[in-house]
Amino acid sequence: MKEVSYQLATFAHQSSFDDLSEEVIDRMKVLLIDAIACAIGSLRSEPIQFLKEQVLEFGGSSITSLIGGGKTAPDRAAFFNAALIRYLDFNDGYMGSLATSHPSDQLGAILAASEYADISGRDFMTALALAYEIQCRFCDSCSYEDKGFDQALAISYSAAAGVSRALNLNIEKTANAIGISGASQNPFLIVRAGRISHWKGFSTANTCANALHATFLAMRGVTGPPEIFEGPLGLFDSITGPFDINLEDTSLNKVLGISLKKFNAGIHSQTAIEGVIELKNENNLTPKEISEVEIGIYQRAYFIMGGGKGGDKHDVKNKETADHSLPYVLAAALIDNNVMPEQFEEKRILEEDVQTLLKFVKISNSEALTNRYPEESPVTIKITNKENKIFEKEKSSYEGHYSNPMGLSSVIEKFGFLCDDIISVQMKDEIIDAVSRIETIKISELTDIFAKAEI
């Protein structure tokens with residue numbers, strides 16, 4: 001039996017556009033439009049400006065396109081574009097059995113490699129679907145989050161495989177890329193716990209850029225540890241323990257299990273946000289009459305957003321902490337009837353009304369709800385008013401969960417909401433049109449739109 005790195009490399013090398021069903025292709029287009037919308041929507045964010053300053057100062061060969069205008073070296077483009085996609089925390093999510101991920105985080109790396117190699121949209125879609133597939137399989141097979149490691153750990157392997165496919169590397173060089181990238185990146189989950197910093201939005205971008213860099217080194221002949229998984233002091237031995245990602249299954253259909261976000265908050269808060277808004281409106285509740293909000297959720301949601309291992313979620317002072325705090329996003333939803341980027345402006349976060357109400361929100365998790373996950377994203381809601389009248393609701397999922405997917409028209413509406421004051425309607429239409437025809441064009445037709453944006 002070959003080492004796991006070689007099994008992954010073989011899987012990557014043999015993947016083909018013909019492996020993608022029509023349903024998968026259509027869904028990938030929706031996910032791609034959503035990711036681009038999130039990227040453009042974050043262009044004016046202050047931390048993104050810090051990154052742009054660094055890209056402009058340090059430069060690099062003008063090879064690959066930046067979303068928002070200009071070109072730079074592939075590794076810098078991969079970091080910047082991936083950070084754009086991730087920063088708002090509004091992009092897609094995969095609710096795995098053992099870990100959570102945001103598969104479109106990898107788009108920055110796959111785009112950079114695809115533009116560098118000047119490949120077709122078909123080959124780009126294959127590489128992207130492959131990266132999605134491997135990352136999602138990690139989330140179903142490996143409980144690295146419970147051991148304190150971030151979702152970017154899986155990306156160090158999946159992005160290297162996807163980039164290798166975009167560059168059309170052979171099995172040997174792909175295995176080397178996976179070995180180099182995996183041996184070099186084991187990010188800690190502290191980036192999403194406690195008082196959260198800007199790095200939450202940039203951690204996976206850093207992993208994507210490093211995976212791209214590792215793969216280019218492998219392309220030129222640099223070798224990596226072949227036993228990165230099962231060898232002494234490798235991934236299994238040092239972090240995860242042995243696990244099987246079932247590479248005998250060569251399908252590329254995990255994209256059908258990826259959810260989109262209706263609200264600008266962590267993926268595990270979506271059902272609860274939708275539910276409290278519905279319960280409030282159905283009963284004509286006003287925020288000032290609420291004395292307590294009790295939320296029952298599943299273990300994974302509690303672990304990340306409810307006050308579990310990630311720490312208490314009631315001390316909220318910045319955007320990064322707010323969008324991963326169930327108490328904050330539910331308080332904001334009850335007051336503002338929505339959770340969008342404006343709910344994460346510092347002035348809004350610090351206002352007395354939301355700071356007071358979030359302290360009334362109590363979160364608990366139960367085995368019964370946990371047993372329904374990940375097929376569902378269940379929540380129970382109990383709101384008590386100051387007259388001790390109780391209002392209750394239970395929901396299994398939300399609009400956007402993979403079991404109730406957000407359609408193309410809804411994603412285009414989201415695109416407009418995020419981007420209409422940033423880019424022209426003509427540019428938005430050009431992007432959507434290019435994505436709709438992605439399998440018939442070269443990837444440069446899409447990236448050229450970004451490069452000429454001059455936003």
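No donor-acceptor distance shorter than 3.5 angstrom exists from the side chain of D140 to the backbone of G96, with no hydrogens or angles considered.
Applying the ring pair (Phe, Tyr, Trp, His ring centres under 6.0 Å) rule to pairs touching residues 183-212 yields F149-F188, sequence neighbours excluded. Here salt bridge (Lys or Arg N to Asp or Glu O under 4.0 Å) pairs that include residues 335-347, with residues two or more places apart or in two chains, are D336-R348. Pairs passing the side chain to side chain donor-acceptor pair (under 3.5 Å) check and including a residue from residues 310-319, sequence neighbours excluded, read D312-H314, D315-K317, N318-T321, K319-D323. The salt bridge (Lys or Arg N to Asp or Glu O under 4.0 Å) contacts involving residues 33-43 comprise D34-K414, where partners must be two or more places apart or lie in separate chains. Within the structure, every pair that satisfies the side chain to side chain donor-acceptor pair (under 3.5 Å) test and touches residues 65-78, not counting sequence neighbours, is listed here: S65-E115. Applying the ring pair (Phe, Tyr, Trp, His ring centres under 6.0 Å) test to every pair with at least one member in residues 53-110, sequence neighbours left out, gives no pairs at all. Here salt bridge (Lys or Arg N to Asp or Glu O under 4.0 Å) pairs that include residues 203-218, with residues two or more places apart or in two chains, number zero. Residue pairs meeting the salt bridge (Lys or Arg N to Asp or Glu O under 4.0 Å) criterion with at least one partner in residues 203-216, sequence neighbours excluded, do not occur; the list is empty. For residues 19-29, the side chain to side chain donor-acceptor pair (under 3.5 Å) pairs, not counting sequence neighbours, are K29-E439.
Side-chain contact between M95 and I267 is present, with at least one heavy-atom pair separated by less than 4.5 Å. The closest side-chain heavy-atom distance from V379 to L369 is not below 4.5 Å. Counting only heavy atoms from C-beta outward, the side chains of Q270 and V339 never approach each other to under 4.5 Å. For the pair N81 and F450, the minimum side-chain heavy-atom distance is 4.5 Å or more. In this structure, P378 and K395 have side chains that are not in contact, with every pair of non-hydrogen atoms separated by 4.5 Å or more. No side-chain heavy atom of Y144 sits under 4.5 Å from any side-chain heavy atom of F243. In this structure the side chain of I155 reaches within 4.5 angstrom of the side chain of Q106, judged on heavy atoms. Between V354 and I349 the shortest side-chain heavy-atom distance does not fall below 4.5 Å.
Under 3.5 Å, the side chains of S377 and T271 contain a donor-acceptor pair of N or O atoms. In summary, the side chains of Q355 and E351 do not present any donor paired with an acceptor at a separation below 3.5 Å, with no hydrogens or angles considered.
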(request) Report the C-alpha separation of K428 and D420 in whole Å, then their side-chain angles, then the decisive distance to 0.1 Å, and conclude whether the side-chain contact (heavy atoms from CB on, under 4.5 Å) test is met. (result) CA-CA 8 Å; K428 181 181 72 174; D420 276 353; 3.3 Å; yes
(request) Take D92 and Y132 through the side-chain contact (heavy atoms from CB on, under 4.5 Å) test and state the conclusion after the steps. (result) CA-CA 11 Å; D92 60 22; Y132 281 11; 4.0 Å; yes
(request) Give the C-alpha distance, both sets of side-chain angles, the deciding distance and a yes or no for side chain to side chain donor-acceptor pair (under 3.5 Å) between E413 and S409. (result) CA-CA 6 Å; E413 184 179 349; S409 60; over 6 Å; no
(message) Please determine whether side-chain contact (heavy atoms from CB on, under 4.5 Å) holds for the pair F415 and V411, giving the CA-CA distance in whole Å, both sets of side-chain angles, and the decisive distance to 0.1 Å.
(response) CA-CA 6 Å; F415 196 134; V411 171; 5.6 Å; no
(request) Show the numbers, then the answer: is there a side chain to side chain donor-acceptor pair (under 3.5 Å) between S397 and N404? (result) CA-CA 8 Å; S397 66; N404 181 24; 5.2 Å; no
(message) For a ring pair (Phe, Tyr, Trp, His ring centres under 6.0 Å) check, start with the C-alpha distance between Y116 and F216, then their side-chain angles and the critical distance, and finish with the verdict.
(response) CA-CA 11 Å; Y116 171 88; F216 275 120; 4.8 Å; yes
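Contact between F229 and S5 at its shortest, heavy atoms only, is CD1-N, 3.9 Å. The shortest heavy-atom contact between S45 and L88 is OG-CD2, 4.3 Å. In terms of heavy-atom proximity, S164 sits nearest to A160 at OG-O, 2.7 Å.
Taking CD of E445 as the reference point, atom CD1 of I449 lies at 7.0 Å (rounded to 0.5 Å). Distance check, rounded to the nearest 0.5 Å: CG of L358 to CD1 of I335 gives 8.5 Å. Here the CE atom belonging to M125 is positioned 4.5 Å from the CE atom belonging to M28, to the nearest 0.5 angstrom. Expressed to the nearest 0.5 Å, how far OG1 of T174 lies from CG of L169 amounts to 4.5 Å. The OG atom of S15 lies 4.5 Å from the CG atom of L130; values are rounded to the nearest 0.5 Å. One distance of note links CG of N338 with CD1 of I273; it measures 9.0 Å at 0.5 Å rounding.
With a 6.0 Å radius and a threshold of 12 heavy atoms from other residues, nucleotides or ligands, R195 has its CZ atom at or below the threshold.
Residues passing the ring pair (Phe, Tyr, Trp, His ring centres under 6.0 Å) test with Y298, sequence neighbours excluded: H268, Y373. Partners of A113 according to the side-chain contact (heavy atoms from CB on, under 4.5 Å) rule, which considers only residues two or more places apart in sequence or in another chain, are V163, A166, L167, L212. In terms of the salt bridge (charged side-chain N to carboxylate O under 4.0 Å, His left out) criterion, residue partners of D89 (sequence neighbours excluded) are, by chain and number, R86, K200, K261.
Between K254 and E133, no side-chain nitrogen of the basic residue sits less than 4.0 Å from a carboxylate oxygen of the acidic one, so the salt-bridge criterion is not met. A salt bridge is defined here as a Lys NZ or Arg NE, NH1 or NH2 lying under 4.0 Å from an Asp or Glu carboxylate O, and E320 with R192 fails to meet this definition.
Under the 6.0 Å cut-off for aromatic ring centres, Y398 and F263 do not qualify, their centroids lying 6.0 Å or more apart.
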